[in-house]
Structures are given as structure tokens and as C-alpha cells.
Participant: 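Sharing a structure below in C-alpha cells format, with a few things to ask.
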Amino acid sequence: MKRKTTLGRIIGTLALPVAMYLIMMVLCYSNGKMYFGTWNMWRTLIVDIALSITCAMGIGLQFKCGRFDFSGGAIMLLTSIVAGNVALSMDNSVAAMVVLCIAGCVILSVLVAVFYVFGRVPVVITTIGFAMLYESVTCLIYGSRGINIVSNMTLRIFSTYPYALIPLALAIAIYAFYSYCTVSGKQAQLLANNQQAAVNIGIREKQNVIISYVFSGLIFGCATIIYMANGMHRAATTSMATVGELFSNILPVFIGLIVGVFCGDTIGTIVGSLTLCLMSYGLKAVFSDELGAAISTICMGVFILVINVIGSQGGNIVKLFRRKPKEEQGA
């Protein structure tokens, strides 16, 4: 019985990415894109997967606490501009870049948490306000030029394989440690389900918020290391410009919550990111980048809708199909 349960968990965990891989492989091969599935593809895709997973875990950590955080993208952009320019001024110091990426994201995240806790402003308003504030700062520093390290392979080291795996592994370790080894992480679900009841039984909400934002800041710092190394990032000249880019990575969080029934939300988020990155890569390989990205966005929306319907109504659907044969037999 135990072996069957373990096998069922493995199948439930791997079903989505394996199915997506096979679908995209057939689509690519039928259009003459025979490089799909090769080692060169995986070397390129691993960097995208690493960025998707780290961003998803940064968002997911707050999401599992019952909070939507819109400031993560602006935090990453502002930190990457500062860290990148300082690293350039220090003779392409990779160590300075890494330290500033992590420290900057933690400091900016904690500022959001402090204002939310002591300002008593709803978290959505707080995070949107800070997102706009941090975005405006990117236009005020370094002559609004952002950061450009396209030709600087020293600072771009974390956008290549296998170095992208270093911040990825660190982010996964931080997320898992917070979720399974800290009191704050274990209390997160109680606060998400019923905040007032959790406070009434003695959980310190303020302390929990500060600690959770420290950990999400650490994870966003790992994401920023990969994000900044991708090359060029301009200052945000329009309001909320960073929200859409970051929240495209919330989709793996939703998948992770569903797949997490079989493997836990940590591995579930990884599986979700892998699935969506495979779909995006396959569609962009067959179509142009712009058309592929548009189709990928549409497919992601439909995909998430179907997955959530199955996740929430799967039991009722199974009962419906089981009931029909009985009714036909009785007739």
C-alpha cells in the first residue's frame, strides 16, 4: 500500500511537466524544430526556469501567508540598477553585486513590511504604493539610464549554466527552511485562513509579517542576481510597469498549490515553473517571439483556469462520471 501511495505521488507530481514536454516536442518536431529536447535547449531553458522559480517562490511566500505583494518587481528592478552600477564602479566585482542584490532586496522588503505593520494600511494599497515609489526612484538615480551589462560577461555569469543554479538552489533552500523549519512559516497558514482567529490564539501577526518579508526579500535577492545578469534593464518610466512582469510568475504558485497535494508546495512551485517554461519555449520556437509570447499568455490563462477547475471541482466531476453508469444500469 505504501509503494502504491509513493508511486501515486510521483505520478501526480510529474504528470504536468511530462505531458507538457511531450506536447511541445510533438509541436516542435512537426514544424521542423528538431532541437527541442537537446542539451543546448536545456542549457538555455534552465536560466529561464531558475528565474521563474525564484520569482514564484518570492511571491508564493507572501501568498501562502494570505498577502498579495505587488512590490516585488519594483524591488528587484531598483536593486538590480543599484547593485549593477556599484559593481561596475568596483571593477566588475561579482561579490559586491551578489551582496548588494540580496541586501538591497531585504532592506526594501522590510521597509514595505514596517509600513504595513505600523501604518495599518491594507497590504494591497501598501505594496502598490511602494511599487510606484520604488519605480519612481529608478528614474531619479544614475541619470535614468538603468543598467546595461549586455557585453559584460563577468557580471552576466549568473545568466549562464551552471552558475544560474547557485542562486536557484539558495532560493529553494530559503523557501523550504521558512516553510518547514520556522515557527513563522508554520503559522502562516493559520494567518492566511483566519487572521483574527490566529491573532486571538496568541500568534504575533506583526512579528510574523516582518520575518516573512525578510525571507521573501532573501528570495527576491536570489532572483535579482539572475534577473540583473540577463543584460539590460531600463528605469520604469510608467507606473506599475514592474507588476505585470513579476506577476506572470504567480502562475507557477497556483499550480504549486494544486500539485502540492502530492509533493508539497516547494516542489509544486518548481513543477509549475518547469511546466510553464516548457510551454513558453515551445510556442516561441514554433512561432515568432511576439506571436509565441501572445499565444503563450493565452494558453497560460486557459491552462490555469482548467487546472483550478479540476483542482476545486475534481471530486464532483469524478462522482458525476461514477454516478452515470449506475443510473444507466438501474434503468
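Reckoned from all heavy atoms, side chains included, excluding hydrogens, waters and symmetry mates. The first residue of the sequence shown is numbered 1, and numbering continues consecutively from there.
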Participant: If you look at every heavy atom in Ser179 and Asp265, which pair is closest and at what distance?
Facilitator: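 Closest approach of Ser179 to Asp265: OG-OD2, 4.5 Å.
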Participant: Strictly by modelled atom types, are Arg67 and Thr127 linked by a side-chain donor-acceptor pair under 3.5 Å?
Facilitator: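 No donor-acceptor contact under 3.5 Å links the two side chains.
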Participant: Supply the members, apart from Val150, of the Ile/Leu/Val/Met/Phe/Trp/Tyr cluster built from side-chain contacts under 4.5 Å; use none for a lone residue.
Facilitator: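 Reading the cluster by chain and number, Val150 sits alongside Met232.
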Participant: State the NZ-CG distance between Lys284 and Asp48, to the nearest 0.5 angstrom.
Facilitator: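 Answer for the NZ-CG pair, Lys284 versus Asp48, is 7.5 Å.
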Participant: Atom CZ of residue position Arg234 - does it have more than 12 heavy atoms of other residues, nucleotides or ligands inside 6.0 Å?
Facilitator: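 For Arg234, atom CZ is not crowded (no more than 12 foreign heavy atoms under 6.0 Å).
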Participant: Tell me the closest heavy-atom pair linking Ser159 and Asn230, and the distance in Å.
Facilitator: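 Answer, listing the atom of Ser159 first, then Asn230: CB-OD1, 3.9 Å.
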Participant: Is there a donor-acceptor contact under 3.5 Å from the side chain of Ser89 to the main chain of Val86?
Facilitator: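 Yes; judged by distance alone, with no hydrogens or angles, the pair exists.
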Participant: My understanding is that only one of Ile225, Leu168, Ile157 makes a side-chain contact (heavy atoms from CB on, under 4.5 Å) with Tyr163; could you say which?
Facilitator: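 Single pass found, and it is Ile157.
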Participant: Cluster question for you: counting only ILVMFWY and a side-chain heavy-atom cut-off of under 4.5 Å, with indirect links fine, are Val99 and Ile81 together?
Facilitator: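 No; tracing contacts between hydrophobic side chains, which count when under 4.5 Å, never links both residues.
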Participant: Return the set of residues passing side chain to side chain donor-acceptor pair (under 3.5 Å) with Ser71 (not counting sequence neighbours), or none when no residue passes.
Facilitator: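 In terms of side chain to side chain donor-acceptor pair (under 3.5 Å), with neighbours along the sequence ignored, Ser71 is linked to Asp69.
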Participant: For Thr126 versus Val112, what's the shortest heavy-atom pair and its separation?
Facilitator: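 The pair with the smallest heavy-atom distance is CG2-O, 3.9 Å.
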Participant: How long is the straight-line distance from CE of Met25 back to CE of Met41, given to the nearest 0.5 Å?
Facilitator: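 The CE atom of Met25 is 10.5 Å from CE of Met41, to the nearest 0.5 Å.
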Participant: Take atom CE of Met153 as the centre, draw a 6.0 Å sphere, and report whether it contains more than 12 heavy atoms from other residues, nucleotides or ligands.
Facilitator: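 Count over threshold, so yes.
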Participant: Hey, is the main chain of Glu135 close enough, under 3.5 Å, to the side chain of Thr138 for a donor-acceptor pair?
Facilitator: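 Confirmed, Thr138 side chain pairs with Glu135 backbone.
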Participant: Checking Ser109 side chain against Cys105 main chain: does a donor-acceptor pair fall under 3.5 Å?
Facilitator: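 Yes; judged by distance alone, with no hydrogens or angles, the pair exists.
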Participant: Quick one: list whatever passes side chain to side chain donor-acceptor pair (under 3.5 Å) with Thr224, sequence neighbours left out.
Facilitator: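 Side chain to side chain donor-acceptor pair (under 3.5 Å) list for Thr224, sorted by chain: empty.
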Participant: Below 6.0 angstrom between ring centroids: does that apply to Phe63 and Phe254?
Facilitator: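 Yes, close enough.
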Participant: Sub-3.5 Å donor-acceptor pair from the side chain of Thr275 to the main-chain atoms of Val271, do we have one?
Facilitator: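 Indeed, once roles are kept as given, a pair shorter than 3.5 Å links the two residues.
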Participant: Mind telling me whether Phe36 and Tyr281 have parallel, tilted or perpendicular rings, with 30° and 60° as the class edges?
Facilitator: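 Answer is tilted, since the angle falls between 30° and 60°.
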Participant: Under a 3.5 Å distance rule, please check whether Ser216 uses its side chain to pair with a backbone N or O of Tyr213 as donor and acceptor.
Facilitator: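 Between the backbone of Tyr213 and the side chain of Ser216 there is a qualifying donor-acceptor contact (under 3.5 Å).
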Participant: With no hydrogens and no angle check, is any side-chain donor or acceptor of Asn249 less than 3.5 Å from a backbone partner on Met57?
Facilitator: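 Not confirmed, Asn249 side chain does not pair with Met57 backbone.
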Participant: Considering non-hydrogen atoms only, spot the tightest contact between Val94 and Thr154 and give its length.
Facilitator: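 For Val94 versus Thr154, the nearest heavy atoms are CG2-O, 3.5 Å.
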Participant: Which heavy atom in Ala223 sits nearest to a heavy atom in Leu51, and how many Å separate them?
Facilitator: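 Reported closest heavy-atom pair: O-CD1, 3.6 Å.
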Participant: Please check if atom CG in Leu45 has more than 12 non-hydrogen atoms from other residues, nucleotides or ligands closer than 6.0 Å.
Facilitator: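 Buried by this count: over 12 neighbours within 6.0 Å.
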Participant: When you measure from the side chain of His233 to the backbone N and O of Met76, does any donor-acceptor pair fall under 3.5 Å?
Facilitator: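 No, the answer is negative, given that no donor and acceptor are paired below the 3.5 Å cut-off.
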Participant: Which atoms form the tightest heavy-atom contact between Phe215 and Thr182, and what is the distance?
Facilitator: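 Looking at all heavy atoms of both residues, the closest pair is CZ-CG2, 4.2 Å.
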Participant: To the nearest 0.5 Å, how far apart are SG in Cys28 and CG in Leu283?
Facilitator: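 Between atom SG of Cys28 and atom CG of Leu283 there are 8.0 Å.
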